[in-house]
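Here is the structure we will look at, set down as structure tokens.
Atoms within each ligand, like the ligands themselves, are counted from 1 in listed order.
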Amino acid sequence: MKKNRTIPFHMPHIVNEDIDSMIETVKGAWLTMGPKTFEFEVGIVEYIAARNAVAVNSCTAAMHLSLRVVGVGRDDEVIIPAINFASAGEVCCQEGAMPILADVEKESGNIHINAIEKAISRKTKAIIPVHYGGQPCEMDMILGLTKDKGIYVIEDAAHALPSTYKGRKAGTIGDIGCFSFYATKTLTTGEGGMAVTDNDEWAERMRILRLHGISKDAWKRYSDEGDWYYEIVELGYKYNMTDIQAAIGLAQLKKLEWMWEQRCKIAEKYIEAFAGIEEIGLLTLREDRSTSWHLFPIFLNIEMLKIDRKTFIELLKERGIGTSVHFIPLYRHPFYRKNFNYEAKDFPNSEWFYEREVSLPIYPSLNEEDQDYVIENIIDICKKSRR
Ligand SMILES: *Cc1c(COP(=O)(O)O)cnc(C)c1O
């Protein structure tokens with residue numbers, strides 16, 4: 001099979017509506033955080049049925065502010081999955097807290113309930129589960145373990161818009177949920193994030209923290225409704241979203257369900273195509289929840305193959321197919337090796353996962369022929385690489 005296509009791992013779905021919405025805002029009088037940002041917050045709040053949303057410039061910022069408002073500080077412990085992006089561990093360290101890595105489930109890539117049980121100590125102040133690829137974690141069990149212990153649950157819902165758990169939207173189940181609108185995510189504003197919570201006091205404090213610890217936002221300060229006066233009430237950050245980002249976000253929100261349906265169709269096609277292929281393992285999908293299909297991970301049955309995951313990815317690349325790996329376990333990174341005493345042998349499932357996982361292209365503009373091309377080439381490589 002010769003290379004006749006180029007299929008990137010990801011393509012954001014930015015169409016004329018998004019561009020028009022952005023241009024309209026850019027031509028207007030207000031570019032930074034203002035009315036569009038607040039409209040976007042309301043849009044998200046209504047869509048996921050939460051009480052408050054605080055728009056910021058990244059999911060990482062949302063998680064940082066979340067830790068601050070629930071009161072995570074020096075020498076506290078925060079439990080996070082080992083298969084993870086940089087954000088959760090990073091914000092724990094920035095608050096002087098200790099990230100406690102927990103192993104994941106092989107079947108889902110989500111944090112393992114037994115690993116949480118083992119990791120909980122008197123110092124545990126929060127847990128940040130990641131809804132891996134979009135499929136929600138065992139939230140009832142997590143809440144059951146943390147309830148009455150003063151342990152807060154902050155959902156890393158960067159992959160999980162829109163996902164549901166027992167009929168509720170992911171991000172609204174724990175104490176705070178954090179979404180990402182980074183370029184590759186299911187709804188994008190280029191860069192951006194949002195913290196959602198039913199706790200009004202936390203939301204109010206996050207609004208202050210996101211803009212220099214100032215008690216009124218700039219829009220109110222300079223518009224007719226406000227005045228020149230403001231107060232710095234605590235040490236804050238420059239974490240606000242801009243109206244330019246929010247204008248794109250509002251247009252994206254209108255087609256969020258449609259974009260999700262497109263990814264669902266692609267996922268169904270992949271599932272059907274790989275069902276009989278022994279070299280390829282798939283995620284186990286749980287009945288009581290739905291996934292956003294932000295990622296479509298496959299697991300190589302490396303025992304049956306002559307090649308490893310790295311070579312598999314290179315062969316796909318030679319045929320013009322872009323893929324990725326989610327994620328390199330945190331304990332394998334130089335920063336974690338230098339500063340903590342984690343050992344790979346304590347994370348057998350994360351090691352299993354990392355050795356085998358490949359994320360396939362899944363996004364609305366991936367057409368039928370592209371999907372067929374990806375499927376045919378994966379099956380062809382498997383056949384040719386059989387032991
Ligand atoms: C993308 C991502 C983040 C970070 O999102 P930003 O908006 O880039 O800060 C956090 N967690 C996970 C699991 C992610 O995939």
Any salt bridge between Glu303 and Arg356, counting N to O under 4.0 Å?
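Counted as a salt bridge, because a side-chain N and a carboxylate O are separated by less than 4.0 Å.
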
Salt bridge present between Glu95 and Lys125 (N-O < 4.0 angstrom)
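No salt bridge links Glu95 with Lys125.
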
Under 30°, 30 to 60°, or over 60°: which ring-plane class applies to [X] and [Y], parallel, tilted or perpendicular?
{"X": "His326", "Y": "His159", "answer": "perpendicular"}
{"X": "Phe274", "Y": "Phe296", "answer": "tilted"}
{"X": "Tyr363", "Y": "His10", "answer": "perpendicular"}

With only distance considered, is [X] within less than 3.5 Å of ligand 1 through an N or O on each side?
{"X": "Ser87", "result": "no"}
{"X": "Tyr182", "result": "no"}
{"X": "Phe85", "result": "no"}
{"X": "Glu191", "result": "no"}
{"X": "Asn84", "result": "no"}

Heavy-atom gap Phe327 to ligand 1 smaller than 4.0 Å
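Judged by the 4.0 Å heavy-atom criterion, Phe327 does count as contacting ligand 1.
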
Can you tell me if Gly192 has a non-hydrogen atom under 4.0 Å from ligand 1?
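True for this residue.
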
Hey, which atoms in ligand 1 end up nearer than 4.0 Å to a heavy atom of Ala158?
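Those of ligand 1 that fall under 4.0 Å from Ala158 are 2 (C), 3 (C), 10 (C), 11 (N), 12 (C), 14 (C).
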
Of all the atoms in ligand 1, which lie at a distance below 4.0 Å from a heavy atom belonging to Val130?
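Those of ligand 1 that fall under 4.0 Å from Val130 are 13 (C).
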
Taking atom types as modelled and ignoring hydrogens, do the side chains of Asp18 and Ser21 form a donor-acceptor contact shorter than 3.5 angstrom?
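Checked: Asp18/Ser21 side chains show no N/O donor-acceptor pair below 3.5 Å.
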
Asn199-Asn52 side chain donor-acceptor pair, cut-off 3.5 Å
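No pair is found: no donor N or O on one side chain lies under 3.5 Å from an acceptor on the other.
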
Specify the protein heavy atom at minimum distance from atom 11 (N) of ligand 1: its residue, its atom name, and the distance to 0.1 Å.
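Result: Asp156 OD2, 2.8 Å.
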
For atom 14 (C) of ligand 1, which protein heavy atom lies nearest, and how many Å away is it?
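The closest heavy atom on the protein side is Lys185 NZ, 3.2 Å.
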
[X], portion touching ligand 1 at heavy-atom distance under 4.0 Å:
{"X": "Cys59", "answer": "both"}
{"X": "His326", "answer": "neither"}
{"X": "Thr60", "answer": "both"}

Is the distance from the ring center of Tyr270 to that of Trp293 below 6.0 Å?
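No, too far apart.
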
Proximity of His64 and Tyr237 rings by center, below 6.0 Å
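Centroid distance His64-Tyr237: below 6.0 Å, so yes.
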
If hydrogens are left out, which of His294, Glu90, His159 has an atom nearest to atom 15 (O) of ligand 1, that is, the closest non-hydrogen atom?
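Minimum heavy-atom distance to atom 15 (O) of ligand 1 goes to His159.
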
